[in-house]
Amino acid sequence: MAEKAKEFYFSPDAPRNLSMAYLLSATYEGERRTACLKLYEPESRKIYFWYDNTKHQPYCLSDAPIGELKRIEALVKHQGFDHFETVEKFDALNDRETEMTKIIARDPRSIGGRPSGTIRDLIQKSWEARIKYYESYIYDRQLSIGTPYVIKEEKLIPVDCSTLKKDLNAPERFFKNEEKEFQAYIGQWIRLLECPVPEFSRLALDIEVYSPVVTRVPDPRTASESIVAASLVDSDGNKRVLVLKRPGIGEGGTAVPQGVKIEYYDREEDMLIEVFKALLAYPIVLTFNGDSFDLRYLFHRAEKLGFPRESIPIRLEEIFALLKYGVHIDLYRFFLNRSIQIYAFGQKYREATLDGIANAILNVGKIALEQPISELTYTELANYCLRDAELTMQLTTFDDSLVMKLIITIARISRMPIEDVTRQGVSRWIRSMMFFEHRRLNWLIPRSEDIIELKGSTATEAIIEGKKYRGAIVIEPKPGVHFNVFVLDFASLYPSIIKHWNLSYETVRCPHSECENNKIPGTPHWVCKKRSGMTSLVIGTLRDLRVNWYKPKSKDKNQSPAMRSWYNVIQQSLKVILNASYGVFGAEVFDLYCPPVAESTAAIGRYAITETVRKAEALGINVVYGDTDSVFLENPSQAQINEVVEWSREFLGMDLDTDKIYRYSAFSSRKKNYLGVYPSGSVDIKGLTGKKRNTPDFLKIAFAEMISILGEVESSEDFDEAKSRIREVVKTCYLKLKNGKYSLDDLAFNVMISKPIESYTKTTPQHVKAAKLLVKNEVEVKPGEIISFVKTKTQEGVKPVQLASVKEIDADKYMGYIKSTFEQVLDAIGIDFDEITGFTKLEHFLWNFEGQR
DNA sequence: GCGGACTGCTTACCT
DNA sequence: ACAGGTAAGCAGTCCGCG
């Protein structure tokens with residue numbers, strides 16, 4: 001077995017000379033004790049390993065001089081200790097140059113990679129000891145993940161991307177008004193971001209496992225059951241399904257797609273070898289939940305069947321499953337990332353399941369199963385398994401490989417290996433980007449505890465109990481209908497503030513007494529006047545790039561559609577990073593956590609919007625609403641707008657733009673709750689129940705009908721007609737409800753259960769009650785699932801749709817919902833719900849009477 | 001023992 | 001494991017009521 005497995009394992013060491021290859025990831029190679037880079041060469045479509053030959057070694061830093069450290073016997077005798085060096089670093093926190101001792105080790109685990117007995121533990125204070133070795137390597141060598149390199153005589157040399165794309169030298173001319181240093185810096189970013197991205201040859205993998213108990217998901221740690229099918233779909237369109245022969249199973253059902261032929265195996269071992277061959281044949285392997293299931297199961301199953309470890313091309317970590325040869329991307333983890341979900345895909349999908357995401361993005365779902373896996377015919381099993389791999393692949397191929405480009409772009413910005421960038425959150429991306437910058441400038445990376453100790457905590461009080469500091473302001477809406485409303489907003493407010501006010505962990509509450517008068521409005525904090533902050537520089541640059549370069553280019557009709565969409569990917573990636581750039585400073589998990597920075601940003605935001613409202617009102621403009629970074633102005637003249645915008649640029653130093661214009665907008669007295677009708681008649685809806693995703697479909701549909709009526713309203717006179725049409729909509733809806741015309745699905749509330757059922761200890765919300773009923777009926781319920789339930793007249797008051805019948809529906813409860821949903825809008829346009837429906841007590845009686853007949 | 005006022009929990013949303 | 005602010009509905013509790 002070992003021999004057979006070994007024959008397909010090839011050694012991908014890079015040759016002495018290699019033409020252009022893209023750097024995808026970095027790891028530590030334990031046997032050779034060096035950093036190892038994975039490079040993708042697009043011509044051969046192979047991964048090559050390049051091992052460090054610059055004698056780079058792992059290290060951490062100490063503020064004690066060498067002489068002092070030499071006296072620590074356990075340190076100099078530590079088996080991982082190599083030698084000391086003295087280095088100069090800039091200590092930004094204290095604004096001084098400082099001498100540090102580099103404690104250089106033979107292997108990374110000796111520094112801090114073990115629970116105990118590490119070098120880190122032997123010294124009083126250590127710096128940069130918690131950075132993974134391969135990260136440290138990337139930063140020290142200033143490597144750009146996702147960009148091309150060549151190898152010449154074993155040396156790794158970056159390719160100048162402007163030789164690949166001529167106009168990459170143009171940016172300096174565009175940003176000619178900026179300072180020289182800034183121009184050069186922004187130019188570097190543009191060359192990094194716009195460097196061409198190759199097509200990546202890749203494979204999607206999915207496996208199916210036999211399960212004796214239908215309701216139990218097979219456990220990958222024990223891997224006690226057979227893998228009965230595996231599907232392999234690649235980016236060239238090749239599709240394979242491998243199926244294990246089992247007694248008593250036959251073919252039957254819909255045939256597998258044309259061009260696909262089921263490959264049968266008598267022995268599971270032979271099938272696994274075929275899967276492993278495929279894992280070694282592709283530079284990138286995609287799975288959906290492969291970290292926790294597919295690759296983990298394959299690994300343990302192979303071990304169980306007697307495969308020697310070295311013949312298994314998978315490297316298991318605690319939570320991740322990586323590949324020895326290529327790069328494994330677990331799309332489940334990538335799509336689960338909140339920033340990706342919200343900012344890159346605009347909340348298109350709710351549940352992070354293959355079925356949920358594929359349905360939302362690709363309009364295709366998984367194959368629905370009528371029977372458990374173990375009872376399917378070979379053909380049914382093959383089809384099912386194949387679909388999963390197809391969907392997994394399509395999640396990276398749709399829109400001209402949007403997802404691959406997004407991943408590469410974020411990897412470029414964050415300086416993170418592809419494996420990490422697809423598995424970690426935005427706070428880790430920003431951490432990595434900032435650490436890279438520290439090493440570029442030879443700054444000491446500060447210790448988190450030192451930042452907290454020096455900068456202290458926050459000074460403002462949050463409105464929400466339990467929060468750390470005060471956030472944004474929402475301006476009280478002026479209820480009613482307002483025509484010709486201009487919405488002005490600050491282009492990326494918080495990043496602009498960070499740039500313009502020089503905010504950074506080292507500049508806020510800096511050590512200079514002469515800066516203390518440079519106060520941040522609404523706080524006791526001050527900001528440095530002598531040095532420019534690193535965060536301010538980095539985030540400011542990314543902001544300028546997005547606002548002044550990529551966003552316009554993504555809409556520029558002179559660019560080809562392909563280029564526009566590429567600029568859009570870059571613009572989106574920047575947005576994801578920028579949106580989180582303020583929040584991370586208020587998040588404990590962030591290594592540069594600095595509450596006064598986040599607090600100051602929010603405080604300046606409040607200052608900016610309040611002053612803007614004051615200015616607008618002083619000019620005689622009616623401000624009808626505003627939230628965080630926007631003001632809604634009723635029927636302003638162009639001259640008035642110009643004046644506010646001009647004032648903002650001069651007085652606040654920030655760009656205020658007209659974001660949108662409404663023919664009219666309608667507010668109730670509720671904040672974050674309004675509708676605005678564009679001149680085209682399309683309607684912008686914010687926060688209204690009728691649009692929320694947990695609202696039953698029948699209500700959403702009726703609500704949409706009302707909205708389309710309101711979209712046709714041109715002037716205040718039109719409201720009379722609209723009113724009577726809306727009345728009909730509500731009445732029809734109510735009648736259909738009473739007459740039982742809506743199906744259970746129409747009536748279902750769809751609420752996500754965010755925790756395991758047992759952890760709802762304080763209260764039992766309705767969706768949890770419904771979930772409990774499901775569990776009672778042996779339906780598994782997992783966190784993150786959407787529970788669909790209807791309101792019933794039964795004991796619990798709710799029932800999951802699967803178990804309910806139309807007869808049990810509590811129509812009165814639903815009537816209350818119709819009322820509250822419509823009221824949010826009717827309030828705003830000055831119509832009373834009971835008046836519009838004409839529901840006098842007598843009529844109520846009559847409706848009920850009719851409903852019963 | 002009952003119902004209204006209140007608080008706290010939970011979800012979904014806005015920026 | 002980016003942040004805080006807001007709305008809504010329901011669960012559960014308190015309190016008055018001869």
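Atom set for the values below is all heavy atoms of this structure, side chains included, hydrogens, waters and symmetry mates excluded.
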Round to the nearest Å and state the distance from [X] atom [atom1] to [N] atom [atom2].
X: A:Lys672; N: C:dG5; atom1: NZ; atom2: P; result: 9 Å
X: A:Met752; N: B:dC13; atom1: CE; atom2: C1'; result: 14 Å
X: A:Asp684; N: B:dC14; atom1: CG; atom2: P; result: 10 Å
X: A:Ile577; N: C:dA3; atom1: CD1; atom2: P; result: 16 Å
X: A:Lys813; N: C:dG9; atom1: NZ; atom2: C1'; result: 10 Å
X: A:Leu578; N: C:dA3; atom1: CG; atom2: C1'; result: 15 Å
X: A:Tyr817; N: C:dA7; atom1: OH; atom2: P; result: 18 Å
X: A:Leu675; N: B:dC13; atom1: CG; atom2: C1'; result: 16 Å

Taking only side-chain nitrogens and oxygens of [X], does any of them come within less than 4.0 Å of OP1 or OP2 of [N]?
X: A:His767; N: B:dT11; value: yes
X: A:Lys686; N: B:dT15; value: yes
X: A:Arg350; N: B:dA12; value: yes
X: A:Tyr674; N: C:dA7; value: no
X: A:Lys691; N: B:dC14; value: yes
X: A:Thr628; N: B:dT15; value: no
X: A:Arg670; N: C:dT6; value: no
X: A:Lys791; N: C:dC10; value: yes

Heavy atoms under 4.0 Å, any strand shown: does [X] hit a base, just sugar-phosphate, or nothing?
X: A:Ser754; value: sugar-phosphate
X: A:Thr764; value: sugar-phosphate
X: A:Gln424; value: sugar-phosphate
X: A:Ile464; value: base
X: A:Gly583; value: base
X: A:Ala598; value: nothing
X: A:Tyr625; value: nothing
X: A:Tyr469; value: sugar-phosphate
X: A:Arg428; value: nothing
X: A:Ser820; value: sugar-phosphate
X: A:Tyr760; value: sugar-phosphate
X: A:Gln824; value: sugar-phosphate

Under a 4.0 Å threshold between the charged nitrogen and the carboxylate oxygen, would [Y] count as salt-bridged to [X]?
X: A:Glu351; Y: A:Lys782; result: no
X: A:Arg130; Y: A:Asp591; result: no
X: A:Lys499; Y: A:Asp544; result: yes
X: A:Asp655; Y: A:Arg543; result: yes
X: A:Arg431; Y: A:Glu135; result: yes

Nearest to side-chain heavy atoms of [X], which nucleotide of [options]:
X: A:Thr689; options: B:dT15, C:dC2, C:dA8; value: C:dA8
X: A:Ile463; options: C:dT6, B:dC9, C:dC2; value: C:dT6
X: A:Arg693; options: B:dC14, B:dC13, C:dA7; value: B:dC13
X: A:Lys467; options: B:dC14, C:dG5, B:dT10; value: C:dG5
X: A:Asn694; options: B:dA12, C:dC2, C:dG5; value: B:dA12
X: A:Lys755; options: C:dA11, B:dT10, C:dC2; value: B:dT10

Upstream residue (5' side of DNA chain B) when A:Ile786 and A:Lys762 are each assigned their closest nucleotide: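 By nearest-heavy-atom nucleotide position, the 5'-most residue is A:Lys762.
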Quick check: on DNA chain B, is the nucleotide nearest A:Val768 upstream (toward 5') of the one nearest A:Glu465, or the reverse? Name the residue that is more 5'.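 Per heavy-atom nearest nucleotide, the more 5' residue is A:Glu465.
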For A:Phe585 and A:Phe590: C-alpha separation, side-chain torsions, deciding distance, then whether ring pair (Phe, Tyr, Trp, His ring centres under 6.0 Å) applies. CA-CA 7 Å; A:Phe585 283 96; A:Phe590 183 52; 5.2 Å; yes
Heavy-atom nearest nucleotide on DNA chain C for A:Glu461 versus A:Ser581: which residue maps closer to 5'?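 The residue mapped nearer the 5' terminus is A:Ser581.
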What do the steps show when you test A:Arg423 against A:Asp291 for salt bridge (charged side-chain N to carboxylate O under 4.0 Å, His left out), and what is the final call? CA-CA 10 Å; A:Arg423 285 171 174 79; A:Asp291 275 357; 2.8 Å; yes
Validate the cation-pi geometry between A:Lys755 and A:Tyr760: distance from NZ or CZ to the six-membered ring centre under 6.0 Å, angle to the ring axis within 45°.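 A:Lys755 over A:Tyr760 ring: yes.
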